[in-house]
Amino acid sequence: MVLSVRNVKKKIGGKWIIRGISFEIGEGEVFGFLGPNGSGKTTTIRMLVDLIRPTEGEIFICGKSVQKEPEQALSNVGCIVENPEMYPFMSGWENLEHFARMADGVDQKRMEEVVQLVGLQNRIHDKVKTYSLGMKQRLGIAQALLARPKLLILDEPTNGLDPQGIRELRDFVRMLAKNGISLLVSSHLLSEIQMMCDRVAIIRQGELIAVGSVHDLLHSRENRVIWKVSPLDKARGWLEQESGVRVDVSQEKALFTWMDPELVPELVKKLVDEGIRIYGVETRAPTLEEMFLRLMEGEHIG
Amino acid sequence: MGSLYRLVQNETLKTWRKKRFQIVLILLTVIIPIFTYAQMRVVENMREQMGTNDWRIVVQQQIQDYTNRVSSPRVPEEWKQVLRVSIQKLNYHLEQNIDPARPNAVTFTSQFIDNAVNLFLPLMVMVIAADLVSAERVSGTIKLLLARPVRRWKVLFSKYIAMLIYTSLIVFATILLCYLISGLAFGYGGWLMPVMVGFKLVGEEVFTDQVRVIEHWQYLLMQAGLVWFSCVVVGCISLMLSVLVRGIAAGMGIMLAMLIAGTILVNMVSAWESAKYFFMVNLRTTLYLSGSMPPVPGMTLPFSLAVLTVWAALSVLVSFLVFTRQDIYS
Amino acid sequence: MHSPSSARIWRAIAFLSLIVFFTLATGFVYAVKTVVMPAHVETSKPEEIETEQTDIIKAPGVTIVTLGDSLTKGTGDVSGRGYAGMVREWLSEQLDEPVYFIPFAVNGYRTDQLLQAIREQQGLVAALKQADLILMTIGGNDLFTFGEEVTVEKARQNMPATLNRLDAIFAELARINPRARILYLALYNPFIRLDPSGEASLFVQQFNYEVFRLSVPYNTITVVPTFDLFEPDPAPFLASDRFHPNEAGYARIAQRVTSLLLPPGGDESPF
């Protein structure tokens, strides 16, 4: 395991901000860390890189405890926490020099390598204050990659990026993962995570409410099934009686339900037998957004 | 991992590229000519008024002037003490036939740093030291700095070394610029001019039995050493504020308020004994060298140095304790 | 892509600050040693150091030196000039040459203090040597001690010794500068109103007469009377302390002094 978070809690001013979080990230895995603003996402990430000390629990990076052996543990991590802040009064190259001096075994060749990798060759000797946000983002990533980390932590990397930039970032993340680097990518925008990540954890009010592979989360649960039927009321009455089917909304000519797609053929047969006319049945995998909303709703009700 | 040497290199280069030291240099080159001109006017006025540049007449006249002020009922007693001490010293200079302040580049420099140690030099040190940590916090770079595989105490320690480096350079630059600029007006001589040290002050009495004459370069070297020490102490306290206080302006404001309070206190604390435990009241350690009246009677060089050292040590202690344990939120 | 400036800047700063650091630290240790353990610090003896003497410039012009007590200092004059300052202003207007002014008067000065100063203070002697005009008042504080009860009886006892010292002062002044014009401003009686019998006035004038006698052998010394300037009612010319003249009083004295300095032709320098 590259990263292992074990029952981490944080209390600030008598209030539990993080109430016991555990998850693990394996080699070459792209892990999504999902949650709305204020959910404890950033606090957790800061605990991973020793900016904040957990009240309880422990974090291991490549088997080394961040709390007990921070130097060994952190030498395997590269990170951008929130905005890609660099020293604006220095050039990109001087910034890289700065962070290279804080790690072992980063020579000039490596610096040139990462600059190539993020494609900043042309502007690297300009002052950072003249950089656009996207360029700062790239410099931030270059900085994070300098010391050849095993784990790269990107906190809200898509913030302020245009669609083109987001697409580039996604490809970049995939490329890094292919080279064996594990990534932890946090976001409050699920669509991005969905397209980048292998596994996700969803955090809410300091607790993980779901951890799993994107595939599992998307497919193991009920899917959205849209029934185009007539008469609508009669069909609705029938469907509501079935166990394992939840009718969400009914629109003009369609019923939106949550159910296991495996049940569809049997139900179709039933409805046809009841004289209901079926114009179409559509099975749609839910987006993380929808799933997220449902999880959130559950929280509220629960 | 991340050896201290490289960290110090980082901090030094950062401060340099932030152009803080260059700002100090510019301030110095603006301020020093002003004082040089003022000093030139004083000398010229004296000559214009008295028709002579015989230092003995000037000194004698000064003694008479002080004597008159001592006898005036409107002058506060604390001032009178200072004046009486000055009178005794000036008289001794006349007896020994040694000019206490011939205007030349060396004496000017000497006077300048003597007067600058209470406020001006601490301000210059503050310009650099007060934002060593808080600027990182304001710009957010502290997150990158502390997320690296380097122990926090090493990061702070490297900042202390950088503070020490630039404080030393500020004192040096002040002396160098003072000498170069004032030399244009007063000439570059004066290194070998005799200066008297070793005046001992017991109450209001100046004892001259241990007075020795040294050359002015030796005097300047000693002064520079003492001024430097005071500046380092100010640097330590500024750096602590930089750790404790979130904003750059807030840290500088607190330090500035303390320093200005100090300059006011120095002129009126003789009645308030315990004020001598403030670091601001003890900054001007050069007065023990020239045998002037300390702000609070009974203060001595070892006392002042002890007070300054305790303040600096506590600042260092507090800043390390806080810095190594602090959670970084913003 | 390589930026060599970092290494260069760092090396320069590190090298310079290292030297500066050790120099300043040395200075600090040296200073602490000098102040705390003076006996252990080797220093050269005063005699061994050659005092760099620059040439003393005596500018062309008229130099006024003032000596004595509060009357010459100008105490009581809110403008701070006193008669001496006014004389100086007048001379500056009259003459084309610059007028220099070296004030040495001290509040409360007595003859013994002045005599000692003239004999011992090199700066004062140097100034006197340059003087063209010396303005002085002295003796009042010998005769009447401020704060104590002022009686003619006590003053009379103090008179002989005071005159003796004044004689010595005149001799010293004439010896130090045989060329300068010396104006001694005589005493006046600020207490005329409290002195219906005239005993005090008589005594003051007696003292003034004795001073005049002392001045006779020296042709550079003039005793200038001020007694009549405060008659018959001194009040309008006295400061709030009822003793020192106020601005108007000093103006009167200054007028008398300037009349002595007026050359016969009018436009020639009196010196």
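To find a chain, count down the sequence lines: A is the first, B the second, and so on, and within it residues start at 1.
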Requested in this report: Pick one of side chain, backbone, both or neither for C:S70, based on which atoms fall under 4.5 Å of a heavy atom in chain B.
Outcome: neither

Query raised in the report: Is chain B contacted by the side chain of C:V32, its backbone, both, or neither, given a heavy-atom distance below 4.5 Å?
Result: both

Query - Residue B:L305 versus chain C: region with a heavy atom under 4.5 Å - result: side chain

**Report entry** Under 4.5 Å from any heavy atom of chain C - which part of B:I165
**Finding:** both

Requested in this report: Check each atom of B:L13 against the heavy atoms of chain C and say whether the ones under 4.5 Å are side chain, backbone, both or neither.
Outcome: side chain

Query raised in the report: Ring centroid separation for C:W10 and B:Y5, is it under 6.0 angstrom?
Result: yes

Query raised in the report: So, C:Y100 versus C:Q130: side-chain donor-acceptor pair below 3.5 Å or not?
Result: no

Query - Residue B:V227 versus chain C: region with a heavy atom under 4.5 Å - result: neither

Report task. Tell me, for B:I63 versus chain C, whether the close heavy atoms (under 4.5 Å) come from the side chain, the backbone, both or neither. Result -> neither

**Report entry** Flag if over 12 foreign heavy atoms under 6.0 Å of CG, C:D96
**Finding:** no

Query raised in the report: Between B:Y179 and B:W191, is the ring centre distance below 6.0 Å?
Result: yes

**Report entry** Atom group of B:V171 that falls short of 4.5 Å from chain C, counting heavy atoms
**Finding:** side chain

Query raised in the report: Applying the side-chain contact (heavy atoms from CB on, under 4.5 Å) test to C:L183, which of C:T220, C:T137, C:L261, C:V87 qualifies?
Result: C:L261

Requested in this report: Taking C:D132 for its side chain and C:A180 for its backbone only, find out whether a donor-acceptor pair lies under 3.5 Å.
Outcome: no

Query raised in the report: Do other residues, nucleotides or ligands put more than 12 heavy atoms under 6.0 Å from C:K129 NZ?
Result: no

Requested in this report: Sort out for me which of C:A117, C:A25, C:A14, C:G108 touches chain B most, counting heavy-atom pairs under 4.5 Å.
Outcome: C:A25

**Report entry** Aromatic ring pairing B:F186/B:F108, orientation class (parallel under 30°, perpendicular over 60°, tilted between)
**Finding:** tilted

**Report entry** Selection from B:F172, B:Y166, B:F21 maximising heavy-atom pairs under 4.5 Å formed with chain C
**Finding:** B:F172

Query raised in the report: B:T285, B:V70, B:L169: which one forms the most heavy-atom pairs within less than 4.5 Å of chain C?
Result: B:L169

Query - When C:V20, C:T26, C:V36, C:L18 are compared by non-hydrogen pairs under 4.5 Å with chain B, the top option - result: C:V20

